[in-house]
Amino acid sequence: MTLHAEEWAALALSLKVSVWAVLLSLPLALAVAWLLARREFRGKALLSALVHLPLVLPPVVTGYLLLIVFGRNGAVGGFLADLGIVLAFRWTGAALAAAIMGFPLMVRAIRLAIEAVDPKLEQAAATLGAGRVAGFILVTLPLIAPGILAGAVLGFAKAMGEFGATITFVANIPGQTQTLPSAIYAFLQVPGGEASALRLVGLSLVVALGAVLVSEWLARKVAERIGRG
Amino acid sequence: MSSLQVQITHRFDALTLDLAFEAGLGVTALFGPSGSGKTSTINAIAGLFTPDSGRVSLKGKTLFDVASGVNLAPQERRIGYVFQDGRLFPHLTVEGNIRFGMRFADPAPGPEEMRQVVEMLGLQSLLERRPGTLSGGEKQRVALARALLSKPHLLLMDEPLAALDEPRKEEIFPYLERLRDEAGMPIIYVSHSLAEVARLADDLVVMQDGKVVCAGSAEDVLSDPAALPFVGVREAGAILPAQVVEHGADGLCRLAISGGELLLPGVTAKLGAWLRIRVLAQDIILSNQLPAGLSSRNILPVKVEAIHKGGGPGVAIGLRAGKDRLLARITARAAAEMDLKPGKDCFAILKATAVPRGSIGVSRGF
């Protein structure tokens, strides 16, 4: 199976968008998951609802909201444009859309992992002299590594498949914002595009299956390392 | 001498904690029934729980004081804690666990110190293992090594043997006895088992319903007739220092105590070794005359020191045997018929087999 340049470009862009989406949102997802799992504060329910909103909103709504806020004339978009960062109709915008759509899945996976760690272990670390940060890095983080990994893989898979918010926010510009799903959609819109679409569908399957297999293998490795295997 | 000073009050839903005590070098046991506030008390000392009010100071340093707003975080208190459930880190090996606190200790213990602790607790062959593969007793020894190598100024132990069966307890006792004699720091040992307390404790703080009901040296409290109701009628009994004099061919061991001699089976300690013998109050029979023709070999001349009448049919009798004290529990009717009163001389008869094996502890001498 050989791919045309346009198809290669879509695959490469999707991978780039997804990797960046996961890398940039992972630290924030970890922080939010920790807040939701370990802290009690005013507005916790609201934060949780906001995080989960992309799961229940129609993606086109999320995309449109992104356009309003992060577009060139939007409140944040205008400010970022002054700094030279343009999101709307760029691959960076696709990464932002993918990150936001994948965020609830990542937070959820990591939060469950944190809740599974006995807080008494963190207490034990404190009696041994480890402050809150050291205790988190030396005890909690290694124990939730499988959860972080699972969250990252879910976020990556979601990013690879994101369509509605992406096409609304950054359109479908070949080589610039045309991700794998956008490309499949575009090929299906033109006569004679079925062959290309089918090749990309096959590619999507391979990437998705590979991601799941790799994540399961990594999770098993980590579980062995932390002695829970 | 008392390097730890504790005074705390706290209202829980079902319990009001209101207590004060002090502890010096050696083992101070916090003894009391479940729900009497023992664990909350040591959690407050460790900084894992903040009471409504009070003050905790260690070696002259204030760790917690509501009046002046001091409340150091657990990691700033330098207090080692051995939890009932061990709480080893599952993602680290035994070695990783016991090294955990070393990086935070000041001064950090060197390899030689680690080797000594590992050897003292018999962990040499376990270093590569994961906590999940250890027995309960092994886990507690690792937890102990981990706490010791964080170089604490005080060690807290919360029922470290409660989750273990008898053979495992026996396996760990020698380590605890050695620790008591070599640690050089105060140890607070929480327990609801009088057998453990009698074996290990130098001092005893008896708690009930969130309050301290009696406190003092283990010998004093355990031989005090007035403390018997708090200690428990079946469990009460004095501890006697005794030295091994002779191992008989018949398996009986002759022990010298200040008020005479005892013959006990099942003693394996070397000649000349000092032991703590626990004699249960309910296993002592009193007689006005030196009994003749009895099967018991253990008859001691004693003097009545105190009589404490409880609510039931029994009375607790405090006795002096030589330099040591004994505690006997007999019926009030017998005490009246024998005309027992402070100052009266009589004889105490104890059945040698009545001394449980677990009640014979190694002592550093008195």
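Every chain is numbered from 1, with letters handed out A, B, ... down the list of sequences.
Residues of residues 58-84 of chain B that come within less than 4.5 angstrom of chain A, heavy atom to heavy atom, are B/P74, B/Q75, B/I79, B/Y81, B/F83 in numerical order.
Only the side chain of A/A134 comes within contact range of chain B, with heavy atoms under 4.5 Å apart. Only the backbone of B/L88 comes within less than 4.5 Å of a heavy atom of chain A; no side-chain atom from C-beta onward does. At a 4.5 Å heavy-atom cutoff, B/D106 makes no contact with chain A through either its backbone or its side chain.
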Please assess B/N43 against A/Q123 for the test side-chain contact (heavy atoms from CB on, under 4.5 Å), listing each intermediate value before the final yes or no. CA-CA 10 Å; B/N43 280 347; A/Q123 281 190 347; 5.8 Å; no

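Per-residue counts of heavy-atom pairs under 4.5 Å with chain B were compared for A/G129, A/G131, A/A124; the largest is that of A/G129.
Counted within 6.0 Å of CH2 on A/W20, heavy atoms from surrounding residues, nucleotides or ligands total 12 or fewer; the atom is thus considered open. Annotation: A/F79, atom CZ; neighbour count of heavy atoms from other residues, nucleotides and ligands within 6.0 Å does not exceed 12. The local environment of NE2 in B/H192 is sparse, with at most 12 non-hydrogen atoms from other residues, nucleotides or ligands closer than 6.0 Å. More than 12 heavy atoms of other residues, nucleotides or ligands sit less than 6.0 Å from atom CZ of B/F49. No more than 12 heavy-atom neighbours from other residues, nucleotides or ligands sit within 6.0 angstrom of CD on B/E128.
Rounded to the nearest 0.5 angstrom, A/T140 OG1 and B/H91 NE2 are separated by 8.5 Å. Once rounded to the nearest 0.5 Å, the distance linking OG1 of A/T127 with CZ of B/F100 reads 9.0 Å.
Considering only heavy atoms from C-beta on, A/L121 comes within 4.5 Å of B/P90 through its side chain. Contact of the B/R103 side chain with the A/L138 side chain is registered, since non-hydrogen atoms from C-beta on lie closer than 4.5 Å.
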